[in-house]
There are 2 protein chains.
Amino acid sequence: MNDTFKALADPTRRQIIRLLKERDMTAGEIADHFAMTKPSISHHLSSLKQAKLILDERQGQNIVYSLNTTVVQDVMGWFLEIIGDRKPEKE
Amino acid sequence: MNDTFKALADPTRRQIIRLLKERDMTAGEIADHFAMTKPSISHHLSSLKQAKLILDERQGQNIVYSLNTTVVQDVMGWFLEIIGDRKPEKE
DNA sequence: TAGATATTTAGATGATTGTCTAAATGTCTA
DNA sequence: TAGACATTTAGACAATCATCTAAATATCTA
């Protein structure tokens with residue numbers, strides 16, 4: 001869970017997640033959306049992958065990345081737990 | 001939003017949030033839950049406060065902290081946006 | 001198999017972060 | 001007002017992080 005939150009702490013990585021929300025993409029396609037070198041994006045992808053927020057699959061020369069909604073839902077669960085079940089504010 | 005995610009990236013700060021989920025607490029009470037100096041906890045509280053995840057109010061010598069559920073809900077919205085409205089996985 | 005393309009790994013560097021001790025600030029009470 | 005208590009601010013330091021360039025790996029195709 002800590003890896004997940006740390007992965008979400010960077011704006012580039014959150015943007016990558018939003019891109020993959022739309023459709024699966026190759027590493028190159030993802031990199032094209034940023035003013036940053038490909039190695040830097042690769043590093044971010046590796047961080048997201050370690051957090052299991054995304055999945056990768058080689059397809060020929062490309063590596064295609066996709067969102068792992070299961071883990072995104074786990075993080076959501078953490079927040080639901082915080083919001084729900086609270087002591088009443090007043091009275 | 002970036003401040004919020006960065007604030008959530010640290011396990012101590014997430015634990016503070018879980019403590020405040022149960023009830024409002026003074027800085028000292030919060031610090032008592034951790035094997036860390038009071039200045040360090042104060043630093044974490046300041047980070048959570050900057051992210052607007054918690055609110056503070058002085059009561060005499062103490063400063064009482066409480067959870068700001070509004071912002072927690074904003075973060076939840078971010079996740080809902082990612083999970084919902086996706087392209088179907090198959091067929 | 002050689003060259004081209006896609007991607008990652010390695011290594012370096014400056015910036016940010018989490019923690020500490022020491023000192024400062026704010027508040028209460030005798 | 002002096003001293004005690006609660007908390008924060010300041011300054012330092014080691015660890016982690018985001019980024020870069022250069023080099024390595026993997027795959028395809030002529």
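Within every chain, numbering begins at 1; the chains are lettered A, B, ... in the order of the sequence lines, protein sequences first and strands thereafter. Quick note: numbers below take in every heavy atom, side chains included, and nothing from hydrogens, waters or symmetry partners.
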Asks: Less than 4.5 Å apart, any side-chain heavy atom of Ile41(B) and any of Thr12(B)?
Replies: yes
Asks: Is the backbone N or O of Ala7(A) less than 3.5 Å from a side-chain atom of Arg13(A), with the two atoms forming a donor-acceptor pair by type?
Replies: yes
Asks: Nearest heavy atom decides the nucleotide; on that basis, is Thr26(B) or Ala35(A) closer to the 5' end of DNA chain D?
Replies: Thr26(B)
Asks: Please check: side-chain N/O of Arg58(B) versus main-chain N/O of Gly60(B), any donor-acceptor pairing under 3.5 Å?
Replies: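 Confirmed, Arg58(B) side chain pairs with Gly60(B) backbone.
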Asks: Take the protein atom CZ of Arg14(A) and the nucleotide atom P of dA18(D), then report the distance between them rounded to whole Å.
Replies: 11 Å
Asks: Just how far, in rounded Å, is P of dT16(D) from CD of Gln50(A)?
Replies: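 Distance check: Gln50(A) CD to dT16(D) P gives 13 Å.
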Asks: Can a side chain N or O of His44(A) be found less than 4.0 Å away from OP1 or OP2 on dT19(D)?
Replies: yes
Asks: With a 4.0 Å cutoff (strictly under), does any side-chain N or O of Arg58(B) reach OP1 or OP2 of dA6(D)?
Replies: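 Negative; the distance criterion is not met.
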Asks: Going by the rule salt bridge (Lys or Arg N to Asp or Glu O under 4.0 Å), which residues pair with Lys52(A) if we only count those two or more places apart in sequence or in a different chain?
Replies: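 Not a single residue meets the salt bridge (Lys or Arg N to Asp or Glu O under 4.0 Å) criterion with Lys52(A).
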Asks: Are any of Thr37(A)'s side-chain N or O atoms less than 4.0 Å away from OP1 or OP2 of dT21(D)?
Replies: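 Result: no.
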Asks: Tell me which nucleotide among dT7(D), dT19(D), dT27(D) gets nearest to the side chain of Gln61(A).
Replies: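 The closest nucleotide is dT27(D).
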Asks: Can you tell me the distance, in whole Å, between the NZ atom of Lys6(A) and the C1' atom of dC17(D)?
Replies: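 The distance from NZ of Lys6(A) to C1' of dC17(D) comes to 10 Å, rounded to the nearest Å.
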Asks: Just to verify, what does Asp56(B) make a salt bridge (Lys or Arg N to Asp or Glu O under 4.0 Å) with, not counting sequence neighbours?
Replies: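 So Asp56(B) forms a salt bridge (Lys or Arg N to Asp or Glu O under 4.0 Å) with Lys49(B).
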Asks: Which whole-number value in Å describes the distance from Lys38(A) NZ to dT19(D) P?
Replies: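 Going from NZ in Lys38(A) over to P in dT19(D) covers 16 Å.
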Asks: Rounded to the Å, how far apart are Ile63(A) CD1 and dT25(D) P?
Replies: 15 Å
Asks: Between C1' on dA18(D) and CD1 on Ile16(A), what's the gap in Å once rounded to a whole number?
Replies: 12 Å
Asks: With a cut-off of less than 4.0 Å, is there a side-chain N or O of Tyr65(B) near OP1 or OP2 of dA6(D)?
Replies: no
Asks: I'd like to know if the side chain of Glu29(A) reaches the main chain of Thr26(A), judged simply by a donor and an acceptor atom lying under 3.5 Å from each other, with no hydrogens or angles considered.
Replies: yes
Asks: Under 4.0 Å, heavy atoms only, any strand: does Lys49(A) hit a base, just the sugar-phosphate, or nothing?
Replies: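 The answer is nothing, as Lys49(A) stays clear of every strand by at least 4.0 Å.
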Asks: Quick one: Asn2(B) CG to dA18(D) C1', roughly how many Å, whole number?
Replies: 13 Å
Asks: Along DNA chain C, 5' to 3', what are the outermost nucleotides having an atom less than 4.0 Å from a heavy atom of chain B?
Replies: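 Result: dT17(C) to dC28(C).
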Asks: So Phe79(A) and Phe79(B), would you call those rings parallel, tilted or perpendicular, with 30° and 60° as cut-offs?
Replies: tilted
Asks: Provide, to the nearest angstrom, the distance between the CD atom belonging to Glu57(A) and the C1' atom belonging to dT27(D).
Replies: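 Going from Glu57(A) (CD) to dT27(D) (C1'), I get 15 Å.
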Asks: Ser40(A) has a side chain; which of dC20(D), dT8(D), dC17(D) sits nearest to it?
Replies: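 The listed nucleotide nearest to Ser40(A)'s side chain is dC20(D).
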